[in-house]
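Take a look at the structure below.
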There are 2 protein chains.
Amino acid sequence: MKRRDFGQYCGLARALELVGERWALLIVRNLVVRPRRYTELQTGLAGIPTNVLATRLKELEQAGIVERQVAPAPQRGVVYALTDVGRDLEPAVLALARWGATQLGEPQPGDVISPEGLVLNLRAVFQPAQAAGLTACWEIHVRDVVVHAVITDGDLTTGLGAAPVKPDLIITAHVPADAPASYRGIMTMVRDGLVDLSGRKKLLDTFVRVFTIPRAA
Amino acid sequence: MKRRDFGQYCGLARALELVGERWALLIVRNLVVRPRRYTELQTGLAGIPTNVLATRLKELEQAGIVERQVAPAPQRGVVYALTDVGRDLEPAVLALARWGATQLGEPQPGDVISPEGLVLNLRAVFQPAQAAGLTACWEIHVRDVVVHAVITDGDLTTGLGAAPVKPDLIITAHVPADAPASYRGIMTMVRDGLVDLSGRKKLLDTFVRVFTIPRAA
DNA sequence: CTGCATCCACTTTGATACTG
DNA sequence: CAGTATCAAAGTGGATGCAG
């Protein structure tokens, strides 16, 4: 398999040769959260042509970024997961997402919000300096999407579904079914208090302070 | 001008819509170091088709990442420079470059080293933790390429050409004219002592410690 | 049903030539 | 110097087919 290269011996050029093609980093984004089936990726990426997905997965596998695993137990299907090398991409993905978040305008009708997107965006806009020494646990509900954020002594872990421990505060955003739900939209609702709270409500301010979209330059 | 989008309201997707197309981030990389003329970009990018360069510059300008300036004084030509938004991309570019640096194999014949690449790679592999409290100034000579790295109380600045202050140590790598010169190659020479030193030679070890390519996973 | 492969219209890229 | 014009080759998007 021949890959097009940039003819430069440079870290950035190499990175772009490996993950610079269309859809590649979005696939990595979804796999950062957890391993996925082919069809999960297909629906989670909403719009990726199936042949492109297949091609990218092969390229990423050959690059040592993604591993194709055969699920053992009752599932007996194919599961794609990041390798260690692939996981090392997370800081770069978050850095790009952080910059991109400053360039987001209003959501377009038809834009989707995925649990993966929400989790990744939480990680991207996490402000470690604001969380120093903090310990807290939030659960965020948007329609049928549930994600959680746990900060333990300033360290963040996020994930899909309910929190692994009893959350200190549950934030529920009632987004109409026909409205596009976006991270920024949700954060705006949070900031404006248009959410239901259950638990230690004082932790809402903390949440807003710790997860802040950097302002555009 | 219609741009293809990913239909996701997500920071990463937005970033990729704006700078995810081929050559775009390499253009940004070269502009991070300093503003450039069209032809400088063309030669510095070694291999970019001229129509693609023209198209990208227009797209980046429309995205508010690049500014087209008309040079005032005796030069009176067109200069492309990053805007504030474009400069905010640097952390993401460095994060990608850092990851890519771990995925670099041996340089291929024909690979080029550019001053921009050298400067960017120095920034990418800079280890702030190792430089805490440090103040030092190095100048690196490779063939006719000269770049400098200044650390002031742990903060790094890098640039093209000779150091703005008298360097503590000048490192000269004698790379044969017909051999591909790479950042890793040079760092290997540095580590193996195959360089000429002029100045406080003890600062070579410091240099190696502060500018280390992270190992592959 | 999952996990792709194939086919086709369309777009982007690369290479080269050419111009104000 | 700073691009535009042209065209072949490669890549992408969309639909569909098909084996396990």
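Heavy atoms only: backbone and side chains are in, while hydrogens, waters and symmetry mates are out. Quick caveat, the model's predicted, so the values are computed rather than measured. Just so it is clear: chains get the letters A, B, ... in the order the sequence lines come, proteins before strands, and each one is counted from 1.
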Using a cutoff of under 3.5 Å, can you pull out all pairs of nitrogen or oxygen atoms linking the protein to nucleotides 4-7 of chain C, with atom names and distances?
residue: dC4(C); atom: OP1; partner: Arg68(A); partner atom: NH2; Å: 2.9
residue: dC4(C); atom: OP2; partner: Arg68(A); partner atom: NH2; Å: 3.3
residue: dC4(C); atom: OP2; partner: Tyr80(A); partner atom: OH; Å: 2.3
residue: dA5(C); atom: OP2; partner: Lys58(A); partner atom: NZ; Å: 3.0

- request: State plainly whether the residues Arg34(A) and Glu116(A) are in salt-bridge range, i.e. N to O under 4.0 Å.
  value: no
message: Quick check on dG13(D): is either OP1 or OP2 less than 4.0 Å from any side-chain nitrogen or oxygen of Arg22(A)?
response: yes
- prompt: What pair of heavy atoms forms the shortest contact from Arg29(B) to Gly44(B), and how long is it?
  reply: NH2-O, 4.4 Å
message: For a quick test of reading the model: is some side-chain N or O of Arg4(A) closer than 4.0 Å to OP1 or OP2 of dA10(D)?
response: no
query: Quick one: Leu16(A) CG to dT13(C) P, roughly how many Å, whole number?
result: 13 Å
message: For Tyr38(B) and Tyr80(B), take the angle between the two ring planes, folded into 0 to 90°, and tell me which bin it lands in: parallel under 30, tilted 30 to 60, perpendicular over 60.
response: tilted
- prompt: Is the Lys NZ or Arg CZ of Arg14(B) less than 6.0 Å from the centre of Phe6(B)'s six-membered ring, within 45° of the axis?
  reply: no
- request: Quickly work out the Glu21(A) CD to dA10(D) P distance and round it to whole Å.
  value: 14 Å
message: Reading DNA chain C from 5' onward, which residue's closest nucleotide shows up sooner: Thr39(A) or Phe6(A)?
response: Thr39(A)
- request: Would you tell me if any nitrogen or oxygen in the side chain of Trp23(B) comes within less than 4.0 Å of OP1 or OP2 on dT12(C)?
  value: no
query: Tell me: CG of Leu45(A) to P of dG3(C), nearest whole Å?
result: 15 Å
- prompt: If you look at every strand shown and take non-hydrogen atoms under 4.0 Å, does Arg56(A) touch a base, only sugar-phosphate, or nothing?
  reply: sugar-phosphate
Atom-to-atom span, CG of Asp5(A) to P of dG11(D) - whole angstrom: 13 Å
- prompt: Rounded to whole angstrom units, what separation is found between the CZ atom of Arg36(B) and the C1' atom of dC1(D)?
  reply: 16 Å
- prompt: Could you give the CG-to-C1' distance, from Leu41(B) to dC1(D), as a whole number of Å?
  reply: 13 Å
message: Just so I know, are the side chains of Arg22(B) and Glu21(A) near enough to count as touching, which here means a heavy-atom distance under 4.5 Å?
response: no
query: How close or far is atom C1' of dG14(C) from atom CG of Leu53(B), stated in whole angstroms?
result: 13 Å
First of Val79(A) and Pro49(B) reached from the 5' end of DNA chain C, by closest nucleotide: Val79(A)
- request: Give the intermediate values and the outcome of side chain to side chain donor-acceptor pair (under 3.5 Å) for residues Arg36(B) and Gln42(B).
  value: CA-CA 10 Å; Arg36(B) 297 279 167 185; Gln42(B) 201 167 192; over 6 Å; no
Closest-nucleotide ordering on DNA chain D, the 5'-leading residue of Glu40(B) and Gly47(A): Glu40(B)
- request: Taking all heavy atoms of Leu156(A) and all of Ile151(A), pick out the closest pair and write down the distance.
  value: CD1-CG1, 4.0 Å
statement: Atom CG of Leu26(A) and atom P of dG13(D) are separated, to the nearest Å, by 11 Å
